[in-house]
S.K.: 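There's a structure below that I have some questions on.
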Amino acid sequence: MKISENHPFDLTPGEAIRLQETLRRQVRLAGDPGEVSLVAGTDASYARGSDEIHAVVVALRYPDLAVVERVAASIVTEFPYIPGLLSFREGPALLEAFRRLRSEPDVIFFDGQGIAHPRGLGIASHMGILLDRPTVGVAKSLLSGTAAEPGPDRGSTAPILRDTETIGMAVRTRARTKPVYVSVGHRIGLQAAVDLVLSTTRGYRLPEPTRQAHLYANEVRRGGGQTTLLPGGG
DNA sequence: GCGACAG
DNA sequence: ATCTTGTCGC
């Protein structure tokens, strides 16, 4: 898909923070994806000692969640992992993967925060602005704000609060399992985001788009992105 | 100054 | 995120 906006990524941490404070004003915290027929999930993986990032995007049909397209991009990064600046490390690889994606997802899930971020611009919000698409942050842990423990049943939620403001929702996607932390990325409302996360979860903690992306990202890293050849040929 | 700290 | 086998619980 086409990238609607662009800006340099070869920045110092200080410059990156300044850019975040500028971009945050473009985030749209409301909106309706409308009739959703395609949902995408993204993820990135890398080997311990390597700075080569393998980013992937997986598109799934909604609501049956059949995988319809998978793309990957491997890029070397110099930007280190710094809490609050994740998108400057993984963003370039993710954007390259999106350039290779032919599908046009109605909504995209990212591994990390949306606006539940110190400067209101987690990776889901940042990428959402550049892609000009509805995006949702689905994080496995909290970066900013506090949340009460949701009830034990699947579907239970508890607001993520920063002072008195609700910046996201802790969501129990599976009974007796740690919740995930959902926040608006761009061009979608929180309730719609939470509803989509729950309606795309199938028996695991993570929603299918995110889970399939995670599996594929590891596959790409281990297999070098090459087509799998079965022993013995075929 | 001391912790906390998405992936 | 990644390094790693088995193991406890639903």
Side-chain angles (χ1 to χ4, degrees), chain A residues 9 13-14 16-17 20 23-24 27 41-58 72-95 97 108-129 135-147 151-154 156 160-163 167-186 193 197 202-207 209-224:
Chain A
F9 271 90
I17 287 174
Q20 288 182 322
L23 289 176
R24 69 179 301 178
V27 175
T42 75
D43 193 27
S45 76
Y46 27 90
R48 180 175 48 176
S50 171
D51 268 336
E52 182 178 26
I53 296 186
H54 307 280
V56 309
V57 180
V58 179
S74 299
I75 286 185
V76 172
T77 309
E78 302 128 51
F79 205 96
Y81 169 66
I82 299 173
L85 298 179
L86 176 65
S87 60
F88 290 89
R89 174 168 172 76
E90 301 188 347
L94 285 170
L95 291 172
I108 306 167
F109 290 179
F110 285 83
D111 220 347
Q113 317 294 341
I115 65 168
H117 175 281
R119 289 169 293 282
L121 198 84
I123 191 166
S125 299
H126 190 170
M127 295 298 106
I129 289 171
T135 62
V136 175
V138 183
K140 294 180 291 301
S141 63
L142 227 37
L143 172 65
S144 179
T146 59
D153 300 334
R154 164 179 158 75
S156 297
I160 300 171
L161 302 174
R162 189 171 56 202
D163 297 318
I167 58 175
M169 204 73 90
V171 180
R172 187 88 66 190
T173 50
R174 181 185 178 171
R176 298 175 303 280
T177 299
K178 303 293 299 174
V180 296
Y181 301 91
V182 178
S183 59
V184 169
H186 185 54
V197 166
R202 295 292 143 86
Y204 294 87
R205 181 192 181 205
L206 297 176
T210 301
R211 201 175 77 83
Q212 291 301 328
H214 193 281
L215 291 172
Y216 184 47
N218 282 318
E219 192 180 310
V220 168
R221 174 170 59 83
R222 292 173 11 202

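FYI, side chains are in, hydrogens and waters are out, and symmetry mates aren't considered; it's all heavy atoms of this structure. Residue numbers start from 1 in every chain, and the chains themselves are labelled A, B, ... in the order their sequence lines are given, proteins ahead of strands.
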S.K.: What are the two closest heavy atoms between Ile123(A) and Ser87(A), and how far apart are they?
M.R.: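 Here Ile123(A) and Ser87(A) meet closest at CG1-CB, 3.7 Å.
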
S.K.: Under 4.0 Å from a heavy atom of chain A: give me the 5'-most and 3'-most nucleotides of DNA chain C that qualify.
M.R.: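 Reading along DNA chain C, I get dA1(C) to dC10(C).
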
S.K.: Check whether any side-chain N or O of Thr173(A) sits under 3.5 Å from a backbone N or O of Arg205(A) as a donor-acceptor pair, and report yes or no.
M.R.: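 Yes, the answer is positive, given that a donor and an acceptor are paired below the 3.5 Å cut-off.
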
S.K.: Touch check for Ile123(A), heavy atoms < 4.0 angstrom, all strands: base, sugar-phosphate only, or nothing?
M.R.: base

S.K.: Treating a pair as Watson-Crick (purine N1 to pyrimidine N3 plus N6-O4 or O6-N4) or G-U wobble (N1-O2 and O6-N3) with both distances under 3.5 Å, list the stems of 3 or more consecutive pairs that involve DNA chain B.
M.R.: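 Result, WC/G-U stems under 3.5 Å: none.
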
S.K.: Would you confirm whether Gln113(A), through its side chain, and Gly120(A), through its main-chain N or O, come within 3.5 Å as a donor-acceptor pair?
M.R.: no

S.K.: First and last nucleotide of DNA chain B touching chain A, 5' to 3', heavy-atom cut-off 4.0 Å?
M.R.: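 That gives a stretch of dC5(B) to dG7(B).
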
S.K.: What heavy-atom pair brings Ser45(A) and Asn218(A) nearest, and what distance separates the two atoms?
M.R.: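 Taking every non-hydrogen atom into account, CB-OD1, 3.8 Å.
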
S.K.: Any sub-3.5 Å donor-acceptor pair from Thr77(A)'s side-chain atoms to Phe79(A)'s backbone N or O?
M.R.: no

S.K.: Can a donor-acceptor pair be found, under 3.5 Å and without considering hydrogens, that links the side chain of Arg172(A) to the backbone of Thr177(A)?
M.R.: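 A pair under 3.5 Å: yes.
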
S.K.: Any idea which heavy atoms bring Pro83(A) and Leu143(A) closest together, and the distance?
M.R.: CB-CD1, 4.4 Å

S.K.: Indicate whether the side chain of Ser144(A) and that of His117(A) have a donor and an acceptor atom separated by less than 3.5 Å.
M.R.: no

S.K.: So, do His126(A) and Phe9(A) have ring centers that fall under 6.0 Å from each other?
M.R.: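 Close enough - the centres of the two rings lie under 6.0 Å apart.
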
S.K.: Got a donor-acceptor contact below 3.5 angstrom from the Ser183(A) side chain to the Ile167(A) backbone?
M.R.: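 Side chain of Ser183(A) to backbone of Ile167(A): no pair is present.
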
S.K.: So what does Gly49(A) hit on the nucleic acid, given a heavy-atom distance under 4.0 Å: a base, only sugar-phosphate, or nothing?
M.R.: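 No contact.
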
S.K.: Within the structure shown, what part of the strands sits under 4.0 Å from Leu85(A) by heavy-atom distance: base, sugar-phosphate, or nothing?
M.R.: base

S.K.: Which is true for His126(A) with a 4.0 Å heavy-atom rule: it touches a base, it touches only sugar-phosphate, or it touches nothing?
M.R.: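 Nothing, no nucleic acid heavy atom in range.
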
S.K.: On DNA chain C, check which nucleotide each of Arg174(A) and Asn218(A) is closest to and give me the residue with the more 5' one.
M.R.: Asn218(A)

S.K.: Restricting to non-hydrogen atoms, name the atom on Ile53(A) and the atom on Ala44(A) that form the minimum distance, rounded to 0.1 Å.
M.R.: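 Closest approach of Ile53(A) to Ala44(A): CG2-CB, 3.9 Å.
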
